[in-house]
Amino acid sequence: MEKQPSVLTSLLLVKSRLFEVTLNRTLLTWKEVHLRRKKVSGNISNRLRFGVHSVPVSEIIAVRETEVDKGTKAEGKWQKMTHITIETHLCAFTVSYVEKTGQHRWRSSNMTFFCSDETVCQQWVRTLKEQLSLLTCRPKHLLVYINPYGGKQQGKQIYEHKVAQLFTLASISTDVIVTEHANHARDHLKTQADLRKYDGIVCVGGDGMFSEVVHGLIARTQSDSGVDLNDSQAKLAQCNLRIGIIPAGSTDCICYATVGVNDPVTSALHIIVGDSQPMDVCSVHHHNTFLKYSVSLLGYGFYGDVLTDSEKNRWMGPARYDFSGFKTFLSHHYYEGTISFLPATNTLGSPRDSSRCRSGCYVCQHRVKDISPIKWGEGGDVSENEFEGEWKAIKGKFLAINAASMSCACPRSPKGLSPAAHLADGTTDIILVRKCSRLNFLRHLLRHTSKDDQFDLTFVEVYRVKKFKFTPKHCDSELSDIRDVRENAFGQICRDHPSCDCTPVNSNWNCDGEILEHAAIEVGVHCQLIKLFARGIEENPPFEEDVSPSAV
Ligand SMILES: CCCCCCCCCCCCC/C=C/[C@@H](O)[C@H](COP(=O)(O)O)NC(=O)CCCCCCCCCCCCCCC
Ligand SMILES: Nc1ncnc2c1ncn2[C@@H]1O[C@H](COP(=O)(O)OP(=O)(O)O)[C@@H](O)[C@H]1O
Ligand SMILES: [Ca+2]
């Protein structure tokens, strides 16, 4: 690699040891220098170099001058090391930078450099600050929404104790809103927030809170651009403000799948360095009425039933999903319907690939062009569309129908529902789990937690698609008739009646952790509609290659 010309080079003390410190356009490097016993001080050719550390300028958080008490050990050490006997008044500056500590986790580290000359010290601080000011991708003003009731109800504490001081250190100003009710953040973004003031939005909470922010931001962007949300064929306007997620929820799958870990400090640092990760968004319509957007999982059957049941047990916190997961597994309901979809043809990836969507993903960068205007396949079976390709339809009895627009990796399943799905390729993976025995379904579930392929089972199919629609066997009008009969017979709806063994005919869609009110839906993927303060999962974090904190 070509060596970059240095902007600054000085001999400075770090922890009472002498270092040659160099700054070029991209890297800050400090190399330990051991002086030979009898030598001419300051002569570079007489030095032996040992440990070398480097930090990309893009991962420096802040730089500041540091007070040094007169007559410190460092001063004496400086004189001893350099054999400079003139009176020295050490001054110092501290660089805060990102340290990668393994498993995708980032921490803020400080390094203090001592100089014998005040002008040198000031020159370093000034030059580093100038370099940082050139990084225009970094946010300066953020709008922060905190859900105080998400996950283990720690959102406020997590923000105050782990994140706020990092934003202050990085000179980021914030307007913080602690939400007072569900949809507070969504509605504030939709109609009230003065978005021109901000370089990004931060949500502190889980996937549900992120979903609120996504809905508010997309709605606002479309209303500013005059796009009708109810028009399922409309091309949506891209949202320019990036969204940061400080994980404080129950599943945290969006954070986990875009950063590699659900850790508040790591996420705060990705926001500070101004990372950007585009993401696909699915729009969900019922006939020509807009219902919701989804960025992670649209799940009917198993995951819909888990969510419906878990809402009653919110007090359990994240454990509610395991409890309801167990109950739903035992209930073993299947649902009938037809899923029609438009397979993704011009894409580079497939859901059975062994490669994964990682930072700088080639598949996402060479994605199929956007799909608008969306045209829905007519009828239940196969129909032709000369521009888009051929719609396929599959009718059957399903334990689960899942559409994963990204891997949906989370701490419960580190490889996710669709391990080879991509964050920003304009497609979603439909996973069909047909009616099978409890034991087989358990085998499929267990494979989410092991290395075994969860799709390599006769009752599981997976398709990468650009759009799809689902038609339940029993439509809504039919259901209201059934409901009337049951209400008359039992005085309440059957599915809420524990002693009644009638099984519900339809499930609910779990849309990123929200229950949809319709079973019949049409879904289209909008390629790279939003952007996150993230960079995708890094393939080989430097720590795992043993060169961090950038020890070269
Ligand atoms: C037997 C072990 C099976 C482990 C299977 C784990 C698969 C987990 C895949 C999770 C995909 C998550 C997709 C993300 C969804 C979130 O948007 C959404 C909202 O999140 P939020 O509350 O943070 O706002 N989260 C969810 O809908 C939660 C889904 C979690 C489902 C967990 C299911 C656990 C199943 C346990 C079955 C136990 C069977 C035991 C039989 C003896
Ligand atoms: N102040 C509030 N009071 C009650 N609910 C809220 C509040 N703020 C946000 N919510 C809602 O709480 C739900 C769950 O939030 P989330 O942060 O995703 O936590 P979890 O991961 O535990 O589900 C979201 O649907 C969101 O709309
Ligand atoms: Ca995708």
Side-chain angles (χ1 to χ4, degrees), residues 145-153 155 177-186 203-213 215 245 247-257 262 278-282 294-299 302-308 310-311 314 316-318 320-330 344 347 349 357 361 363-364 367 402-418 421-429 438-439 441-450 454 464-466 510-515 525-528:
Y145 295 103
I146 302 177
N147 176 2
Y149 301 114
K152 296 181 183 148
Q153 313 203 337
I177 297 175
V178 179
T179 61
E180 285 162 13
H181 51 86
N183 293 328
H184 183 168
R186 186 197 66 184
C203 58
V204 184
D207 294 335
M209 193 57 190
F210 173 73
S211 170
E212 268 202 36
V213 167
H215 280 80
I245 308 172
S250 301
T251 315
D252 295 326
C253 104
I254 321 274
C255 180
Y256 198 93
N262 57 335
M279 260 178 76
D280 297 338
V281 176
C282 287
S294 161
V295 281
S296 57
L297 168 69
L298 265 165
F302 183 72
Y303 290 101
D305 295 351
V306 170
L307 184 70
T308 308
S310 72
E311 284 299 299
R314 269 209 162 264
M316 285 186 187
R320 70 188 183 280
Y321 290 132
D322 303 305
F323 176 71
S324 297
F326 183 68
K327 274 176 73 183
T328 308
F329 170 78
L330 291 181
T347 177
C357 183
C361 176
V363 173
C364 293
R367 64 192 190 276
N402 302 320
S405 299
M406 53 180 205
S407 69
C408 295
C410 58
R412 276 190 183 80
S413 169
K415 62 178 184 175
L417 284 179
S418 190
H422 288 269
L423 289 168
D425 65 341
T427 73
T428 187
D429 289 349
R438 274 195 184 82
L439 185 65
F441 189 51
L442 182 62
R443 280 173 67 210
H444 166 67
L445 283 179
L446 282 172
R447 287 186 182 194
H448 289 84
T449 60
S450 73
Q454 62 257 48
R464 186 155 288 179
V465 311
K466 288 187 275 188
N510 171 345
C511 176
D512 291 2
E514 296 279 311
I515 296 162
V525 189
H526 297 265
C527 191
Q528 307 196 355

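Note that ligands are numbered from 1 as they come in the structure, with each ligand's atoms numbered from 1 the same way.
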Note to self: Only heavy atoms of G513, strictly under 4.0 Å: list the atoms of ligand 1 that pass.
What the structure shows: 17 (O), 18 (C), 19 (C)
Next item on the list: Compute the minimum heavy-atom distance from E514 to ligand 2 and say whether it is under 4.0 Å.
Entry: yes
Note to self: For R320, state whether at least one heavy atom is located under 4.0 Å from any atom of ligand 2.
What the structure shows: yes
Notebook entry, point to check: With atoms numbered from 1 as shown, which atoms in ligand 2 lie under 4.0 angstrom from a non-hydrogen atom of M209?
Noted result: 9 (C), 16 (P), 17 (O), 18 (O)
Item checked: Test of proximity, G208 against ligand 2: N or O pairs below 3.5 Å -> yes
Next item on the list: Check if G513 has a non-hydrogen atom at a distance under 4.0 Å from any atom of ligand 2.
Entry: no
Next item on the list: Any atoms of ligand 2 less than 4.0 Å from a non-hydrogen atom of G151? List them with their elements.
Entry: 19 (O), 20 (P), 22 (O)
Notebook entry, point to check: Looking at S250, which atoms of ligand 1 are within less than 4.0 Å of one of its heavy atoms?
Noted result: 22 (O), 23 (O)
Check: Below 3.5 angstrom, do we get any N/O pair linking C410 and ligand 1?
Finding: no
Notebook entry, point to check: Are the charged groups of D305 and K327 less than 4.0 angstrom apart, N to O?
Noted result: no
Item checked: Geometric N/O contact D322 with ligand 1, under 3.5 angstrom -> no
Note to self: Tell me the nearest of P148, G155, G206, A185 to atom 16 (P) of ligand 2, using heavy-atom distances.
What the structure shows: G206
Notebook entry, point to check: For ligand 2, is any non-hydrogen atom under 4.0 Å from H181's backbone (N, CA, C, O), its side chain (CB onward), both, or neither?
Noted result: backbone
Margin query: So if I apply the side chain to side chain contact (heavy atoms under 4.5 Å, CB included) rule between V306 and each of Y321, F323, F329, F326, which one comes out positive?
Written below: Y321
Next item on the list: Just let me know how R314 lines up against ligand 2, side chain, backbone, both or neither, with a heavy-atom cut-off below 4.0 Å.
Entry: side chain
Margin query: So if I count the atoms of ligand 1 from 1 in the order they appear, which ones are less than 4.0 Å from some heavy atom of S296?
Written below: 17 (O)
Margin query: For the Ca ion (ligand 3), give me the closest N/O/S atom belonging to D425, just the atom name.
Written below: OD1
Margin query: Could you tell me, atom by atom, which parts of ligand 2 come under 4.0 Å of a heavy atom of D207?
Written below: 18 (O)
Next item on the list: Please confirm whether the backbone N or O of S296 pairs with a side-chain atom of D512, one donor and one acceptor, at under 3.5 Å?
Entry: yes
Notebook entry, point to check: By number and element, which atoms of ligand 2 are closer than 4.0 Å to a non-hydrogen atom of E212?
Noted result: 9 (C), 10 (N), 11 (C), 26 (C), 27 (O)
Next item on the list: Assess R447 for proximity to ligand 1: is some non-hydrogen atom of it under 4.0 Å away?
Entry: no
Item checked: Numbered atoms of ligand 1 (with element) below 4.0 Å of D252, judged on heavy atoms -> 23 (O)
Margin query: Any nitrogen or oxygen of Y149 lying under 3.5 Å from a nitrogen or oxygen in ligand 2? Just yes or no.
Written below: no
Next item on the list: List every atom of ligand 2 that sits less than 4.0 Å from any heavy atom of T179, numbering the atoms from 1 in the order shown and giving each element.
Entry: 1 (N), 2 (C), 7 (C), 8 (N), 9 (C)
